[in-house]
Colleague: 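Sharing a structure, written as structure tokens. Questions coming.
Whatever order the structure lists ligands and atoms in, that order sets their numbers, starting from 1.
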Amino acid sequence: MSTIAWIGLGHMGAPMSGNLVAAGHTVRGFDIAQASVAAAAERGVTPVGSIAEALEGADACFTSLPMPQHVRGVYDGPDGIWAHASADTLLMDTSTVDVETSRWCHTESAARGFRFVDTPVSGGTAGAEAHTLTFMLGGQADDVERARGFVQSMAGSVIACGGDGAGIAAKLVNNMMLFVSMMGVAEGSQLAEQLGLDATVFWNVANVSSGGSWPQRTWYPVPGVVDTSPANHGFDATFSVDLAHKDCALAVQAGTATGVHLPAATLALSQLDQLIEEGLGGKDCTLVTKFASPDGTLRGWTP
Ligand code: NAD
């Protein structure tokens with residue numbers, strides 16, 4: 001069994017690091033928020049007061065941080081990972097960041113004699129709890145195989161995507177497809193309502209027909225149709241507008257950088273922008289459904 005440093009013990013980091021503990025590893029966890037540290041400690045993570053302390057004797061180090069700038073800040077600087085890791089500590093970032101930040105982690109790690117693998121995840125907090133996340137790995141082949149051993153106990157699927165940054169590239173494309181699919185489900189759910197269809201009857205049709213999709217199965221935005229829908233809980237976040245906006249913006253940015261035309265993703269991003277402008281960044285991203293409603297009202301949503 002290994003000793004593992006974990007930096008960032010939030011919605012994803014706490015259950016993921018807890019699953020490593022359950023698999024028999026010693027996990028030393030650090031977070032700037034005391035509440036996050038306390039929540040992880042309840043899952044058996046050993047709380048520590050600095051990145052340096054987390055890295056003492058660590059075979060591997062994971063980060064799970066909100067934004068690209070947090071990842072850059074935690075790696076760099078006198079209190080950061082590069083200043084305190086040993087050369088045989090495998091460095092892995094599970095955060096969703098832009099491709100440039102991920103490649104920067106690879107390049108700067110290699111320049112300092114470290115091995116880094118991008119290890120973003122899909123499956124949300126439910127997947128983190130149930131250790132069924134999909135891990136998308138990018139990096140040198142031997143490092144990726146080593147990373148596979150560390151992520152296995154948190155994962156339902158582990159896919160080696162290619163070289164440096166390939167994991168994060170796959171993650172951004174996947175999530176862009178999710179937000180575009182969600183717009184279809186949002187509009188379909190409202191058109192079905194206005195045409196007088198029973199929501200569950202229509203869901204049953206879509207579920208076995210060509211309009212079916214992951215957000216249709218999991219997030220159908222009408223109360224009482226699917227158990228996992230945020231519409232059952234006043235559109236409280238399972239995947240917040242703020243995080244969805246970050247992911248969609250990173251995908252649109254990648255489209256601009258590569259010359260790929262993304263009109264549908266750009267529209268999805270503008271709807272998420274509008275929700276943030278309305279002060280709804282902390283609600284669930286399926287609230288985009290209100291833009292399809294004839295009068296902006298939704299069953300299950302009280303503004
Ligand atoms: P979160 O905000 O709940 O957790 C992030 C944690 O990082 C917080 O506890 C915060 O205090 C800590 N942190 C911030 N700066 C820090 C620093 N300098 N040093 C130490 N700790 C620091 O976010 P989350 O939902 O757990 O997401 C983490 C990452 O995983 C994000 O990049 C997100 O996009 C990605 N992700 C999230 C989901 C999801 O459903 N929530 C799904 C897949 C991927």
Colleague: If you take all heavy atoms of V48 and F30, which pair is closest and at what distance?
Modeller: O-CD1, 3.6 Å
Colleague: For A292, which residues count as a side-chain contact (heavy atoms from CB on, under 4.5 Å) partner, sequence neighbours excluded?
Modeller: E187, Q190
Colleague: Judged by modelled atom types alone, do N19 and S153 share a side-chain donor-acceptor pair under 3.5 Å?
Modeller: no
Colleague: What does the list of residues with a heavy atom under 4.0 Å from ligand 1 look like, ordered by chain and number?
Modeller: I7, G8, G10, H11, M12, F30, D31, I32, A33, S36, S64, L65, P66, V74, S95, T96, V121, G124, T125, K171, L243, K246
Colleague: Any side-chain donor-acceptor pair under 3.5 Å between N232 and S229?
Modeller: no
Colleague: Using modelled atom types only, decide if a donor and an acceptor are shared between the side chain of D143 and the backbone of R115 within a distance under 3.5 Å.
Modeller: no
Colleague: Establish, from distance only, whether the side-chain atoms of R43 and S17 form a donor-acceptor pair under 3.5 Å.
Modeller: no
